[in-house]
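Convention: sequence-line order gives letters A, B, ...; per-chain numbering from 1.
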2 protein chains.
Amino acid sequence: MTLDNLKHAQRQRLVFLDRCFTWRGVARRRDLTERFGISTAQAANDFRTYLSLITQNAPEYDGHLKAYVASPNHQPIAASSMLDVFGVLDIASGDELPAALPRAKRWLDPRVATALYDAISNQRKLRIAYTSMSSGETAPQWVAPTRFTFDGESIHFRAFSYKRGEYRNFHPARIEPEDNFETDEIEMPLQFDREWNTKSVIWLRPSANLTTAQAAVVRREFGFSGDLLRIEIRQALEFFFDHRWGLTEPGARLERVKTETIIL
Amino acid sequence: MTLDNLKHAQRQRLVFLDRCFTWRGVARRRDLTERFGISTAQAANDFRTYLSLITQNAPEYDGHLKAYVASPNHQPIAASSMLDVFGVLDIASGDELPAALPRAKRWLDPRVATALYDAISNQRKLRIAYTSMSSGETAPQWVAPTRFTFDGESIHFRAFSYKRGEYRNFHPARIEPEDNFETDEIEMPLQFDREWNTKSVIWLRPSANLTTAQAAVVRREFGFSGDLLRIEIRQALEFFFDHRWGLTEPGARLERVKTETIIL
DNA sequence: AATATACGTATAAAAAATATACGGAACAAG
DNA sequence: CTTGTTCCGTATATTTTTTATACGTATATT
C-alpha cells in the first residue's frame, strides 16, 4: 500500500505524521487529535497505517518520552515546502503576533479573475482596459488569454495581444475591474506561442565574490552539492526569474552562469 | 452553521468550492469528485451543505452552462493566499512544465531541525557548530533557541547567544549537521527578549518616483486604497522585512514612510 | 498508593461516504 | 422528431470510516 491508495482525509493525516517525524523527530497521537479534530482511537489507527507504509527505519514508541521517536535514518515519504516545514515547527498559540513575516498581500479582483478564467476556459478573446506601467495610461485592448501564471507572489496571465500581434505577459491588477469585459470568438487560430513552448535551462552558482566557505554555506542552504544548480522554467517566464530569485539584488548569493533553451 | 463546525475533510471541500466560486465564477460536482476523489452523491451533499452556509448572493445552477454560477455579488467565506488562488485558476495537466516559477528550494537539514525543535520544546541550550557569513569560519557556540521564524522563503530561529550575551536570529543552514548537538540545562532564566516582544508598525506607500497613475496601480495591486499601507511585525523580524518586501531593489514599487514600535 | 498522561485494543454505535438507480434538463447528432 | 450524452438532484441499501466508551499497560509525579 502507498499514500496514493488512501482516501484524501487519511492521506493528509499521514503526510502530517511524516512531517512531524522528519522535522520534529517525534510524533504523538495528540498531534493528530489536536490538528484534525479526530478521536484518539482513529489517531491510533492512523499511526498503525503509517507504520504499515514504512519498510525501513520505522519510528519507535519511547515510553519515557511518551512519544513515537523517528529513527536517526528516517526517510520522508512525502515532500515538504518550507511553508509546510514551518507549519510543523512553529509552536505559536493562535492569537499572538506571528513568528512569520507577512507576505506582501497581492490583490486580484475576483471580477477580473472570473472574466479571464472564462475566456481561457472557453477560448475566447477579451477586451480589457489595461494600465501601462510605463506610460501610466489606461486604454482598451483586445487580448486572447491562454494561461494563468504565477511568479511565486503574484498571479499573471499569458495572452496573445491583438494590439502588438504577439504573446505577452499581463498583470491582472492593471486591468480596470469595473469594465464590462466584452468577449468575442477568436476567428482565426492563434499563432504558436514559441516562448511558452520553449524550456529555459538556467545554471546558477554561488556568487563569485563569496569566499570558498561562504559558497559552501550557500550550497548547503540551497541544497546543491555540485558546482552548479540547474533550474528549468518556461522561457515565457524568464522575465520574472532574476527578480524572484533575488539575482539582481545587492549582495545576491547566487548568480547566473548560463542559460540554454530547448524546444518542447 | 459555520465552516468551523464541520469536520476537517468536508471543511476543505467547502473551502475549495468557495474558492472556485470566488475566482473562477463557476463550480461543478466534477470539480470536487476530481479534486478529492469523492462520489458524485457526496459532492451533491457538499454543494447542499455549502449553499446552506450562504445567506446572501448564493450561487445558482445554470442548466445551459451545466454548472453552478456565482452571483455577481458573491462574498467569499474563506481567505485565499495567492498560492491558493493560483491552485484554483491553473488548468495544467500534471506532467507538463508548470506555469508557475519554481521557488528557490531552500534546504533545511532534518537533523538540525530536530535538534532545534527538541531544544525549544524542552527549553534547553544547544551547542552548535555555526558558520559566520562574514568571517566564513565555523566555530562551536552555545545558544538557547526560543522560536522558529519564517521570512516567507527561509526558516530561521531566534536564540539567546551565550557568545554575544544577547538574542540573535540564526540560519539553520549555517549549522553543521554532522555535529553531535550537545545540550544542557539553562541554569539561570534567560533575559527578556525585548525585540521579540516589541511590535514594529511599518507604514508603506507607493514609491515617490511613480506617477499618480502608476501609484494607483500599485495601490490596486497591493490592495490598499488610502495613502499608506500598514504592516505589523515583530521587531525581531524587521531585519528581514525590507528584503522580503523588495524595498531595497532597483525599481521598488513601495517605500517605507515611517516605523513605530509598540511594546507587547 | 493515587493520579496524570501517554500508549494499544476491543466493541457497539454513529456518521460519512459509496454504489446504484431513477427522473429531469439541456444540448448535439442523426 | 428521437436518441444519446452529460450534467443535475434525490433516494436507498450498503460499506467504510470514525466516534464513544471501556479496559489494561507503562511512566513520571505527587
Side-chain angles (χ1 to χ4, degrees), chain A residues 1 3-17 20-21 24-54 58-71 118 121-124 185, chain B residues 1-17 20-21 24-54 58-71 117-118 121-124 185:
Chain A
M1 178 160 53
L3 271 183
D4 293 333
N5 302 127
L6 300 172
K7 288 292 173 68
H8 188 86
Q10 193 180 32
R11 191 186 317 128
Q12 287 197 304
R13 297 197 295 271
L14 267 59
V15 166
F16 178 71
L17 265 192
C20 288
F21 286 125
R24 295 183 182 174
V26 296
R28 297 170 171 86
R29 281 197 313 194
R30 188 176 73 204
D31 296 322
L32 290 182
T33 59
E34 287 176 358
R35 179 73 171 233
F36 295 98
I38 61 171
S39 64
T40 56
Q42 183 59 42
N45 181 49
D46 288 336
F47 270 85
R48 197 156 49 226
T49 307
Y50 179 76
L51 291 174
S52 78
L53 296 183
I54 306 295
E60 291 179 349
Y61 189 66
D62 181 326
H64 298 278
L65 280 180
K66 295 196 178 190
Y68 275 89
V69 175
S71 155
D118 194 54
S121 301
N122 300 308
Q123 290 168 13
R124 295 177 68 81
E185 268 184 50
Chain B
M1 182 164 47
T2 67
L3 271 182
D4 293 333
N5 302 127
L6 299 172
K7 287 293 173 66
H8 188 85
Q10 192 178 32
R11 191 187 314 131
Q12 288 198 303
R13 298 197 296 269
L14 268 57
V15 166
F16 179 71
L17 267 191
C20 289
F21 286 125
R24 293 181 183 175
V26 297
R28 298 169 171 85
R29 280 196 316 193
R30 188 175 73 205
D31 296 322
L32 289 182
T33 59
E34 287 176 359
R35 180 73 171 233
F36 296 97
I38 60 170
S39 63
T40 57
Q42 184 59 43
N45 181 49
D46 288 336
F47 269 84
R48 197 160 44 228
T49 306
Y50 178 78
L51 290 174
S52 78
L53 296 183
I54 306 294
E60 291 178 349
Y61 188 66
D62 181 327
H64 297 277
L65 281 180
K66 297 196 179 187
Y68 275 89
V69 175
S71 155
Y117 184 81
D118 192 56
S121 300
N122 299 307
Q123 291 171 8
R124 293 177 69 83
E185 269 184 49

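Positionally, the nearest nucleotide of DNA chain C for Ala27(A) lies more toward the 5' end than for the other of Lys7(A) and Ala27(A).
At a threshold of 4.5 Å between non-hydrogen side-chain atoms, the residues Arg13(A) and His8(B) do not count as touching. Under the 4.5 Å side-chain criterion, counting only non-hydrogen atoms from C-beta, Tyr68(A) is not in contact with Leu17(A).
The side chain of Arg30(A) contributes an N or O atom lying less than 4.0 Å from OP1 or OP2 of dA6(C). One finds no side-chain N or O of His64(A) lying less than 4.0 angstrom from the OP1 or OP2 phosphate oxygen of dA26(D). Taking only side-chain nitrogens and oxygens, Arg48(A) comes nearer than 4.0 Å to OP1 or OP2 of dT9(C). Checking the phosphate oxygens (OP1, OP2) of dG9(D), a side-chain nitrogen or oxygen of Tyr68(B) falls inside 4.0 Å.
Rounded to whole Å, atom P of dG9(D) lies 7 Å from atom CZ of Phe47(B). Distance CD1 (Ile38(A)) to C1' (dA20(D)): 14 Å, rounded to an integer number of Å. Between Tyr61(B) atom OH and dC8(D) atom P there is a gap of 5 Å when expressed in whole angstrom units. Straight-line distance from the CG atom of Leu32(A) to the C1' atom of dA6(C): 14 Å, rounded to whole Å. Taking atom CZ of Arg28(B) as the reference point, atom P of dT6(D) lies 14 Å away to the nearest angstrom. As a whole-Å value, the separation of Glu60(A) CD from dC7(C) P is 16 Å. Rounded to a whole Å, the CD atom of Gln42(A) is 6 Å from the P atom of dT19(D). Taking atom NZ on Lys66(A) and atom P on dT5(C), their separation rounds to 8 Å, with Å as the unit.
Within 4.0 Å (heavy atoms only), Leu65(B) reaches no atom of the nucleic acid at all. Using a 4.0 Å heavy-atom cutoff across all strands shown, Arg29(A) reaches at least one base atom of the nucleic acid.
Pairing of dT30(D), defined by two Watson-Crick or G-U wobble distances under 3.5 Å, is identified with dA1(C). Across all strands shown, the partner of dT11(C) is dA20(D), judged by Watson-Crick or G-U wobble contacts whose two distances both fall under 3.5 Å.
Side-chain proximity of Arg13(B) to dA17(C), dA20(D), dT18(D): nearest is dA17(C). The side chain of Ser39(B) lies closest to dT18(C) when the candidates are dC8(D), dT18(C), dA10(C).
The main-chain N or O of Leu3(B) is found under 3.5 Å from a side-chain atom of Arg11(B) such that the two form a donor-acceptor pair.
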Test Leu32(B) against Gln42(B) for side chain to side chain contact (heavy atoms under 4.5 Å, CB included), laying out the working first.
CA-CA 9 Å; Leu32(B) 289 182; Gln42(B) 184 59 43; over 6 Å; no
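Here the CD1-CG distance, from Ile38(A) to Asn45(A), works out to 8.5 Å after rounding to the nearest 0.5 Å.
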